[in-house]
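Input: a single structure, listed below in structure tokens.
One-based numbering, in listed order, for ligands and for the atoms of each.
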Amino acid sequence: MSHPPYVIDQMISAKSIAARIEDLAVEIRDKFKGTDKLVVVGLLRGSFVFIADLVRELDMPVEVDFLEASSYGDGMESSREVRILKDLRGEINNRDVLVVEDIVDTGFTLSHVVNLLKTRGPARLETIALLDKPTRREVDIRATWTGFEIPDEFVVGYGIDYGQRDRNLPYIGKVRFT
Ligand code: IMP
Ligand code: MG
């Protein structure tokens with residue numbers, strides 16, 4: 001896709017993200033105490049940086065799997081129609097599962113994925129989202145843990161893209177058209 005000219009204003013620093021992940025990891029370990037192997041499911045592609053940092057703070061046995069759902073296409077607006085583009089490789093029945101999402105926006109993606117995975121009989125299923133835009137919600141869903149609540153701005157960085165750009169920024173920034 002073509003991008004109109006824009007700049008990125010930093011919203012959340014790499015340092016703040018790292019500090020928040022340390023705190024979240026403590027809560028996650030606590031909640032899954034006694035689990036012999038947690039299945040951490042990253043939603044591609046936006047969660048790849050977050051999941052990498054998160055699992056390295058989880059001082060417990062984990063398996064990592066990925067699922068790709070698409071609701072945004074390449075633009076800035078959710079299509080509200082969620083398709084599974086790539087399914088998990090492993091089974092999750094009777095397993096403890098943590099679904100890792102980059103942003104909960106309208107809520108369509110996370111609720112679709114949670115409903116799908118619940119049909120597979122996990123022993124337990126919790127969710128974590130790095131970012132949450134509560135004012136944008138159209139489906140009533142909330143992640144078990146949220147890194148940061150943010151206003152209704154289009155953000156990039158730390159795995160999150162604008163038309164496949166800017167995933168490699170180490171911080172979260174908001175897109176401002178110039
Ligand atoms: P939802 O289905 O509307 O909740 O959309 C969630 C997905 O939309 C996220 O996993 C992101 O991939 C994408 N998304 C939502 N907000 C943004 C944003 O500000 N920047 C980039 N992608 C976003
Ligand atoms: Mg996504």
Side-chain angles (χ1 to χ4, degrees), residues 1-14 16-17 20-21 24 28 39-55 64-88 92 97-119 125-178:
M1 64 173 279
S2 73
H3 296 75
Y6 66 97
V7 293
I8 298 163
D9 301 323
Q10 180 171 301
M11 184 187 258
I12 308 170
S13 70
S16 316
I17 298 169
R20 183 71 183 121
I21 290 176
L24 290 165
I28 291 167
V39 187
V40 182
V41 171
L43 301 195
L44 291 171
R45 282 171 263 181
S47 74
F48 81 103
V49 177
F50 181 36
I51 197 174
D53 283 344
L54 183 65
V55 294
V64 175
D65 205 340
F66 292 98
L67 187 142
E68 182 170 14
S70 167
S71 66
Y72 251 56
D74 267 345
M76 291 181 105
E77 194 44 45
S78 169
S79 65
R80 289 165 186 77
E81 188 190 295
V82 184
R83 289 178 304 142
I84 300 299
L85 302 178
K86 179 201 170 297
D87 206 337
L88 299 177
I92 57 163
V97 177
L98 175 65
V99 176
V100 182
E101 171 65 310
D102 55 354
I103 310 183
V104 185
D105 185 41
T106 62
F108 279 97
T109 307
L110 189 61
S111 77
H112 182 90
V113 168
V114 164
N115 289 337
L116 171 74
L117 297 185
K118 278 188 173 160
T119 65
L125 191 149
E126 305 288 352
T127 53
I128 183 167
L130 178 66
L131 303 176
D132 188 350
K133 298 186 199 172
T135 61
R136 298 258 311 160
R137 199 72 87 256
E138 295 178 24
V139 178
D140 185 22
I141 185 161
R142 218 183 162 328
T144 316
W145 296 280
T146 297
F148 302 89
E149 283 195 0
I150 61 169
D152 180 9
E153 301 279 2
F154 195 82
V155 296
V156 291
Y158 199 73
I160 299 164
D161 74 303
Y162 169 35
Q164 302 310 325
R165 283 199 196 170
D166 303 317
R167 293 191 195 273
N168 55 329
L169 290 176
Y171 56 87
I172 302 282
K174 71 176 189 192
V175 168
R176 179 163 53 88
F177 293 102
T178 54

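- Within the 3.5 Å criterion, the main-chain N or O of T144 finds a donor-acceptor partner in the side chain of T127.
- The ligand atoms of ligand 1 that sit less than 4.0 angstrom from a heavy atom of K133 are 16 (N), 17 (C), 18 (C), 19 (O).
- Residues I12 and Y158 are not in side-chain contact: their nearest non-hydrogen atoms beyond the backbone lie 4.5 Å or more apart.
- Residue contact check for ligand 1: R137 places no non-hydrogen atom closer than 4.0 Å to it.
- Looking at V156 next to ligand 1, no N or O pair under 3.5 Å apart turns up.
- Heavy-atom contacts of E153 reach the following atoms of ligand 1: 19 (O) (cutoff under 4.0 Å).
- When G157, G107, S111 are ranked by how near their heavy atoms come to atom 4 (O) of ligand 1, first place goes to G107.
- Between the R20 side chain and the L24 main chain, no donor and acceptor come within less than 3.5 Å of each other.
- Under 4.0 angstrom from ligand 1, the non-hydrogen atoms of I160 all belong to its side chain.
- Remark: distances from the non-hydrogen atoms of L110 to ligand 1 are all 4.0 Å or more.
- For ligand 1, the polar-atom distance check against V155 finds a nitrogen or oxygen pair separated by under 3.5 Å.
- Interface atoms of ligand 1 facing E101, defined by a heavy-atom separation under 4.0 Å, are 9 (C), 10 (O).
- Residue T109 has at least one heavy-atom neighbour below 4.0 Å for each of these atoms of ligand 1: 1 (P), 2 (O), 5 (O), 6 (C).
- No side-chain heavy atom of V100 sits less than 4.5 Å from a side-chain heavy atom of V55.
- The heavy atom nearest to atom 23 (C) of ligand 1, considering only L44, V82, I103, is found in I103.
- Within the 4.5 Å cutoff, no side-chain heavy atoms of L130 are placed close to those of V49.
- Looking at D102, D161, L130 and measuring to atom 9 (C) of ligand 1, the nearest heavy atom belongs to D102.
- In terms of heavy-atom proximity, R176 sits nearest to D9 at NE-OD2, 2.7 Å.
- Applying the 4.0 Å criterion to heavy atoms of F108 picks out, from ligand 1, the atoms 2 (O), 4 (O).
- Under a cut-off of 6.0 angstrom, the local environment of CG in D140 is sparse, with at most 12 non-hydrogen atoms contributed by other residues, nucleotides or ligands.
- Considering every non-hydrogen atom in both A129 and F50, the closest pair reads C-CE2, 4.1 Å.
- Here K86 contributes atom NZ and S70 contributes atom OG; the two are 14.5 Å apart, rounded to the nearest 0.5 Å.
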